4 protein chains.
Amino acid sequence: MEQQRRKTRQELRSEETKSSIRDAAGRLFTARGYDAVTMREIAKEAGCSHTTIYLYFKDKEALLEQLALPPLMVLEETMQAVMNRPELSSTEALKEVSRQFLRFCLSHKSMVTIILNVKSVRVDEANPDADINRRRNRIFGCFTQILNRVIRPASDEEKINYTRIYYYMLHGMVTTYTENEEPLEQLLARILPLLDQAIDILLLGMQAKLEQRG
Amino acid sequence: MEQQRRKTRQELRSEETKSSIRDAAGRLFTARGYDAVTMREIAKEAGCSHTTIYLYFKDKEALLEQLALPPLMVLEETMQAVMNRPELSSTEALKEVSRQFLRFCLSHKSMVTIILNVKSVRVDEANPDADINRRRNRIFGCFTQILNRVIRPASDEEKINYTRIYYYMLHGMVTTYTENEEPLEQLLARILPLLDQAIDILLLGMQAKLEQRG
Amino acid sequence: MEQQRRKTRQELRSEETKSSIRDAAGRLFTARGYDAVTMREIAKEAGCSHTTIYLYFKDKEALLEQLALPPLMVLEETMQAVMNRPELSSTEALKEVSRQFLRFCLSHKSMVTIILNVKSVRVDEANPDADINRRRNRIFGCFTQILNRVIRPASDEEKINYTRIYYYMLHGMVTTYTENEEPLEQLLARILPLLDQAIDILLLGMQAKLEQRG
Amino acid sequence: MEQQRRKTRQELRSEETKSSIRDAAGRLFTARGYDAVTMREIAKEAGCSHTTIYLYFKDKEALLEQLALPPLMVLEETMQAVMNRPELSSTEALKEVSRQFLRFCLSHKSMVTIILNVKSVRVDEANPDADINRRRNRIFGCFTQILNRVIRPASDEEKINYTRIYYYMLHGMVTTYTENEEPLEQLLARILPLLDQAIDILLLGMQAKLEQRG
DNA sequence: TATGAATGAGCATTCATTCAT
DNA sequence: AATGAATGAATGCTCATTCAT
């Protein structure tokens, strides 16, 4: 509380600037992709000089990372929360978690690259990405976990393959609609049912396949 | 007829140059991606001056488009040929066609953007894309056709949805492995079986779902 | 008198800040050279904001100038002290003074420019340089004086020329080793004997030349 | 002959541009030093776009190197020629060679850095500097050779030290007058006699010292 | 007195493209 | 038909300095 009150006007202004940069970068990256956006464009959109950006972010890459982290944390928490709801069947949990994921990806389009890319930005340099990578892994871990629950009778190899196939479909939906410019809610209203259907099909198919083989 | 016969030596040389540029650009785009390749590199690889490229192609983008067309035509023909093989069951045909498609996408990485993008490059300028778009639609039409054969009892809406879901998975596989730098054949050896499994699962799942509902 | 006593706490603090900036800049300039050091680095090292520096110093160049003065004063005093030691022969005095000079230059590398440059920084603006220039002249005056003692029989023109030649050699040693990154004492242990030899040779040579001519 | 005639107008223009860049860079580097000069300034002075420079020179450093090499070759040849004139005494040869060197340094001021710097630009990267370094070493080798002839009775260690002392003096003269803006010939008329005197003094001094010791 | 925020000018370099031949 | 010469626009980034508080 006290902490909140103690913010000077300068600090407020600073935070404002920083978040206006963040917002601008978010909008621009989302709309046109990381590479296609220049620091000067971000600055213009944010209403400041391009040098000001470097006051708050080490470089362009750091900007992307700082942009990705907080929403990623929210997503992770949301997904964990879903998994801890005991009243949900495995199938329902998988559906809900997938819906969260799809919603997230489509509302943070520029971050999709970061989240879905197998080899993330700067994997070699340890520090800042470590966090991003860890979180991404945990997010994908959610899917794996629930999916394993649903297809328990499968062998380890089958589990790995089926999980991959599940990812393909999800990944495919995300990238298909990443470029789409329809208003988010409208788009989701249209494709969330499709996602549910797809999951039904995949789970049914996996079970059928396991029975066939057994 | 006459036109064909009357090709002067100059015309032949010209065509040669043009196709050497096309080849060079193809190799380079495929290997390193559209953005990362410069006009000068293409020219060097093609054994001509970079200014010569502008004699045959309006700009870099036009080069990409003209480049995409022939392989797309080959792909289309290959896929049609598979569909016309009467000895193949619908399922087998779908698998084979999907394999062809995946192989094509992974061996023409730079063209994936063009093929998969819902809104292709420069939709606004009518002419040159029209052809590309037509072909892309025909390619996707193949999938739709075969898939419809397999899930004949479904309603029209179900057919549309199921086809979409099928695309998601395929699309997801392609984009997942587009960035992969493994040698092509080795990669395909690894993921083609996965594709077969995925198709099995999807088809089984779709059938199960249709029965459930019926 | 009164002025000295009346220093308020504020004034003291202010002087402290100023000298911490001076010290920091001195350390940094010495270690890495004027150009390679940024105002922000100086501020960090001094434990203040970079804007504070501008409170005490007009700009980066003024900082360098003010920085040069005190060590220059120390050097001057040291050299004068040597000259007033009656037990030293002229030759010994010249050697000792030259050693002091060389040691000083190599331990204040960034100031060498200021000291050795014929046309000092910003000759046009009269005031602040006047002092620096005066001191530099006095320092060089030392050499001239002692040298004149040693080569008393020479004509005025010869004296001027010989002094110049002496400077060339000294100047040459300084600039040769200014870029050297060897630890100071180690470097000096290596080159101080060389300096002595050089002085011996020059003095012997000057005397021989004078005799030749006479 | 034929080769000369075959130069097209384009080639001529190209060579003109290249040498106008070279000239401009030479003037500017000479006047204000390598670091202080920007590519855009060079371009402006050369009457072309700054991008044109990159057509002829890989980067700024390459420009400096290409600039330094030809004059360095001329200097080397001139110095070798002097050494091969049998009618000259060692002393005379040393004087003449030193005059050539001083004249060269003062008429190619920007290259002094390259020539005198113990650790040249980019010592680490082998290729292009190798040549420059080799030449510089050969040039300094000249001095060493002649000097050794003059002070033949000295021990090896003495030879090394005396050579160093000789360099200091020469180096000192060069750097002293590098910043000088007097017209070259006028300046040389003034300091060449000084150089002769300095050499006389050094040689006499060295001989006296050797006798003293012996 | 002191500072954080902000900026314009500048840097070397790259690229797709056009011009003149 | 083909090309070398040339260029403007951009890019990410840094720095000394000024502004507002």
Side-chain angles (χ1 to χ4, degrees), chain A residues 8-18 35-43 47-61 63, chain B residues 8-11 13-18 35-43 48-61 63, chain C residues 8-11 13-18 35-43 48-61 63, chain D residues 8-18 35-43 47-61 63:
Chain A
T8 68
R9 223 167 310 162
Q10 275 211 10
E11 279 171 328
L12 282 172
R13 197 153 98 94
S14 168
E15 271 172 35
E16 221 169 80
T17 304
K18 181 165 187 176
D35 280 330
V37 174
T38 76
M39 296 301 263
R40 281 174 161 88
E41 279 172 327
I42 297 171
C48 70
S49 162
H50 63 280
T51 55
T52 301
I53 302 179
Y54 291 93
L55 247 42
Y56 297 103
F57 305 91
K58 187 186 161 295
D59 55 21
K60 203 183 172 189
E61 220 169 32
L63 182 50
Chain B
T8 67
R9 222 167 309 164
Q10 275 209 7
E11 279 171 330
R13 203 156 94 91
S14 166
E15 269 173 36
E16 220 169 83
T17 305
K18 181 165 187 177
D35 280 328
V37 174
T38 75
M39 294 300 261
R40 277 180 153 88
E41 282 172 325
I42 297 171
C48 69
S49 161
H50 60 283
T51 54
T52 302
I53 302 178
Y54 290 91
L55 248 42
Y56 297 102
F57 305 92
K58 187 185 162 294
D59 56 23
K60 202 183 173 189
E61 217 170 34
L63 182 50
Chain C
T8 67
R9 224 166 309 163
Q10 274 209 7
E11 279 170 329
R13 205 157 91 93
S14 165
E15 270 174 34
E16 221 168 81
T17 304
K18 181 165 186 176
D35 280 329
V37 174
T38 75
M39 294 300 261
R40 278 178 152 89
E41 281 172 327
I42 297 171
C48 70
S49 162
H50 60 283
T51 54
T52 303
I53 302 179
Y54 290 91
L55 248 43
Y56 298 102
F57 304 92
K58 187 185 162 293
D59 55 22
K60 203 184 172 188
E61 216 169 38
L63 182 50
Chain D
T8 68
R9 224 166 308 164
Q10 274 211 10
E11 278 171 328
L12 282 173
R13 198 152 99 93
S14 167
E15 269 172 35
E16 221 169 81
T17 304
K18 181 164 188 178
D35 280 329
V37 173
T38 76
M39 295 301 262
R40 277 176 158 86
E41 280 172 327
I42 297 171
C48 69
S49 162
H50 62 282
T51 56
T52 301
I53 302 179
Y54 290 91
L55 247 42
Y56 298 101
F57 305 91
K58 188 187 160 292
D59 55 22
K60 202 183 172 188
E61 219 169 31
L63 182 49

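Just so it is clear: chains get the letters A, B, ... in the order the sequence lines come, proteins before strands, and each one is counted from 1. No experiment lies behind these values; they were computed from the predicted model shown.
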Q: Of the candidate nucleotides E:dG4, F:dG4, F:dT17, which contains the atom at the shortest distance from the side chain of B:Ser49?
A: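 In terms of side-chain proximity for B:Ser49, the closest of E:dG4, F:dG4, F:dT17 is F:dG4.
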Q: Quick check for you: among E:dT14, E:dT21, F:dT7, whose closest atom lies nearest to any side-chain atom of D:Gln10?
A: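 Selected nucleotide (nearest to the side chain): E:dT21.
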Q: May I have the distance from D:Asp35 (atom CG) to E:dC11 (atom C1'), rounded to whole angstrom?
A: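 That distance rounds to 12 Å.
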Q: Take atom OH of A:Tyr54 and atom C1' of E:dG8, then tell me their distance rounded to the nearest Å.
A: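 Taking OH of A:Tyr54 and C1' of E:dG8, I get 15 Å after rounding.
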Q: Dump the intermediate steps for side-chain contact (heavy atoms from CB on, under 4.5 Å) on C:Leu63 and C:Ile42, then the final yes or no.
A: CA-CA 11 Å; C:Leu63 182 50; C:Ile42 297 171; 3.9 Å; yes
Q: Under 4.0 Å: is that the gap between some side-chain N or O of B:Ser14 and OP1 or OP2 of F:dA1?
A: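 Answer is no, no contact under 4.0 Å.
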Q: As a test of reading the structure: which of F:dA6, F:dA9, E:dA12 is closest to the side chain of D:His50, going by heavy atoms?
A: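 Side chain of D:His50 sits closest to F:dA9.
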Q: Assuming nearest nucleotide by heavy-atom distance, tell me which of B:Thr52 and D:Lys18 is located more 5' along DNA chain F.
A: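 On the 5' side of the pair lies B:Thr52.
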Q: Taking all atoms of both residues into account, what is the closest heavy-atom pair of A:Tyr54 and A:Asp59, and its distance?
A: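 For A:Tyr54 and A:Asp59, the tightest heavy-atom pair comes out as CE2-CA, 4.2 Å.
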Q: Rounded to whole Å, how long is the line connecting atom CD of C:Glu16 with atom C1' of E:dT1?
A: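 Checked: the CD to C1' distance equals 13 Å.
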Q: Taking atom C1' of E:dA5 as reference, at what distance in whole Å does atom CG of A:Leu12 sit?
A: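 Rounding to the nearest Å, CG of A:Leu12 and C1' of E:dA5 are 14 Å apart.
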Q: Between D:Tyr56 and F:dA6, is there a side-chain N or O to OP1/OP2 distance below 4.0 Å?
A: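 Yes, D:Tyr56 has a side-chain N/O under 4.0 Å of OP1/OP2 on F:dA6.
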Q: For the side chain of D:Thr51, starting at C-beta, report the closest nucleotide among E:dA20, E:dT14, E:dT13.
A: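 Nearest listed nucleotide: E:dT14.
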Q: Rounding to a whole Å, what distance do you find between C:Glu15:CD and E:dA2:P?
A: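 C:Glu15 atom CD is separated from E:dA2 atom P by 11 Å.
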Q: Round to a whole Å and report the spacing from CD of A:Glu11 to C1' of E:dT3.
A: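 Distance check: A:Glu11 CD to E:dT3 C1' gives 12 Å.
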Q: Kindly point out which of F:dA10, E:dT3, E:dT17 is positioned nearest to the side chain of D:Arg40?
A: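 Among the listed nucleotides, the one closest to the side chain of D:Arg40 is F:dA10.
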Q: If you look at every heavy atom in D:Lys60 and D:Met39, which pair is closest and at what distance?
A: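 The pair with the smallest heavy-atom distance is CG-SD, 3.5 Å.
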Q: What's the CE-P distance between B:Met39 and F:dA6, to the nearest Å?
A: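 After rounding, the gap between these two atoms is 21 Å.
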Q: Measuring from atom NZ of B:Lys18 to atom CD1 of B:Ile53, what distance do you get when rounded to the nearest 0.5 angstrom?
A: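 Rounded to the nearest 0.5 Å, the NZ-CD1 separation comes to 12.5 Å.
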Q: With a 3.5 Å limit on both atom pairs, tell me what E:dC15 is paired to, counting Watson-Crick and G-U wobble, or say none.
A: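 When the pairing criteria are applied, F:dG8 turns out to be the nucleotide that pairs with E:dC15.
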Q: Using the side-chain heavy atoms of B:Arg13, tell me which of these nucleotides is nearest: F:dA1, E:dA20, E:dA5.
A: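 Comparing F:dA1, E:dA20, E:dA5 against the side chain of B:Arg13, the answer is F:dA1.
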Q: From the options E:dT17, F:dC13, F:dA16, select the nucleotide whose nearest atom is closest to the side chain of B:Asp59.
A: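 So the side chain of B:Asp59 is nearest to E:dT17.
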Q: Of the candidate nucleotides E:dC15, F:dG12, F:dT18, which contains the atom at the shortest distance from the side chain of B:Thr38?
A: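 From the listed options, E:dC15 comes nearest.
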Q: Considering non-hydrogen atoms only, spot the tightest contact between A:Glu41 and A:Ala36 and give its length.
A: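 A:Glu41 and A:Ala36 have their closest heavy atoms at OE1-O, 3.7 Å.
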Q: For A:Leu55 and for D:Val37, find the nucleotide of DNA chain E with the closest heavy atom, then tell me which residue's nucleotide is more 5'.
A: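 Its nearest nucleotide being more 5', the pick is A:Leu55.
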Q: Could you grab the distance from atom CZ of D:Arg13 to atom CD of D:Glu16, nearest 0.5 Å is fine?
A: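 Going from the CZ atom of D:Arg13 to the CD atom of D:Glu16 covers 8.5 Å.
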Q: Give none if F:dT21 has no partner; otherwise give the nucleotide forming a Watson-Crick or G-U wobble pair with it, both distances under 3.5 Å.
A: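 Across all strands, the one nucleotide that pairs with F:dT21 is E:dA2.
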Q: Rounding to a whole Å, what distance do you find between B:Ile53:CD1 and E:dT17:C1'?
A: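 One finds 11 Å between C1' of E:dT17 and CD1 of B:Ile53, rounded.
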